[in-house]
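For reference, the structure is listed below as structure tokens.
Remember, it's a predicted structure, so these values are computed and weren't measured experimentally.
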Amino acid sequence: MDINRFTQKSQEALQSAQTLAVRLGHVEVDGEHLLSALLEQEGGLVPRLVSRLDLEPAALSRAVREELQRRPAVSGPGAEPGRVFVTQRFSRLLVRAEEEAKRLKDDYISVEHLLLALVEEGEQTASGRILRQYTLNRDRLLHVLTQVRGHQRVASADPEATYEALEKYGRDLVGEARKGKL
């Protein structure tokens, strides 16, 4: 898998997942680490998508963190600090994310592809159960993703910056006039 095919935000999320695993004393980085990193990504697309689904990203993040706290941690003289391994499941998630990118005809693997891969796991995994508990499923996610990104393709390493450009950088003059603010 070529890391250069991942967007900047997805590369940041992968790095954050690894850092989180190290910080928690886990020997493996797994899907829950990635989900936590995606949900807590500053200026990231995933928290915006979750908010648009009328869900609270912080609550979802807390549920994932609680799950991570239940995992065994390694510390002491026998532990190799900073060394974590990638689980087979994590590798499969990355492959699934790449398949999602191809399915959506995108050139790069972005955070939404990673989230779709996590959603597709279903209830066999802790993150799948948490996402299901919060009613975050593929159909709802694709619906809100279409609202945010429109019919744009991920054709650059920083596509998240172009999503919702009008809302970020424009002014709704009609809305302001209706409110008497002009």
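Counting only N and O atoms by type, the side chains of E28 and T87 include no donor and acceptor under 3.5 Å apart.
Proximity of L49 to V111: side-chain heavy atoms (C-beta onward) are nowhere separated by under 4.5 Å. A 4.5 Å side-chain heavy-atom check between L131 and L60 finds at least one atom pair inside the cut-off. Within the 4.5 Å cutoff, no side-chain heavy atoms of K9 are placed close to those of S110. Annotation: side chain of R129 is not in contact with side chain of R132 (no heavy-atom distance under 4.5 Å). Put simply, the side chain of L20 reaches to within 4.5 Å of the side chain of L68, judged on heavy atoms. The shortest distance between side-chain heavy atoms of R149 and L104 falls below 4.5 Å. The closest side-chain heavy-atom distance from T7 to E12 is not below 4.5 Å. No side-chain heavy atom of L24 sits under 4.5 Å from any side-chain heavy atom of R71.
For R89, the side-chain hydrogen bond (donor to acceptor under 3.5 Å, both in side chains) partners at least two apart in sequence or on another chain are D30, E32, E121, S127. Listed by chain and number, the residues in a side-chain hydrogen bond (donor to acceptor under 3.5 Å, both in side chains) with S16 amount to none (sequence neighbours excluded).
Paired with S36 under the rule side-chain hydrogen bond (donor to acceptor under 3.5 Å, both in side chains), one option of Q41, R65, R62 passes, and it is R65. A side chain to side chain contact (heavy atoms under 4.5 Å, CB included) with H113 is found for exactly one of L94, D106, L93, namely D106.
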Next on the checklist: Using the rule given for salt bridge (charged side-chain N to carboxylate O under 4.0 Å, His left out), can you reason through E100 versus R103, listing the C-alpha separation, both sets of side-chain angles and the distance that settles it, and then say yes or no?
Outcome noted: CA-CA 5 Å; E100 290 292 344; R103 189 175 297 136; 2.8 Å; yes
Next on the checklist: Please evaluate residues R96 and E120 with respect to the criterion salt bridge (charged side-chain N to carboxylate O under 4.0 Å, His left out), reporting the C-alpha separation (whole Å), side-chain torsions for both, the decisive distance (0.1 Å), and the verdict.
Outcome noted: CA-CA 9 Å; R96 260 191 229 120; E120 282 296 304; over 6 Å; no
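Within the structure, ring pair (Phe, Tyr, Trp, His ring centres under 6.0 Å) pairs that include any residue of residues 122-143 do not occur (at least two apart or interchain).
Closest approach of V84 to H26, counting heavy atoms only: CG1-O, 3.2 Å. For the pair I109 and A97, the tightest heavy-atom approach, listed with the atom from each and the gap, is CG2-CB, 3.9 Å. Heavy-atom minimum distance, V86 versus S91: CG1-OG, 3.6 Å. Scanning both residues, F90 and V29, for their nearest heavy atoms gives CB-O, 3.8 Å.
Taking OG1 from T135 and CD from Q133, the interatomic distance works out to 10.0 Å, rounded to the nearest 0.5 Å. Atom CG of L118 sits about 6.5 Å away from atom CG of L38, to the nearest 0.5 Å. In this structure, CG on N137 lies 10.5 Å from CG on L116, to the nearest 0.5 angstrom. The CG atom of L115 sits 9.0 Å away from the CG atom of L145 when rounded to the nearest 0.5 Å.
For E112 (side chain) and L45 (main-chain N/O), no donor-acceptor pair under 3.5 Å exists by modelled atom type. R140 places a side-chain N or O within donor-acceptor distance of the main-chain N or O of L53, the cut-off being under 3.5 Å.
A salt bridge between R70 and E67 is present, with a side-chain N of the basic residue lying under 4.0 Å from a carboxylate O of the acidic one.
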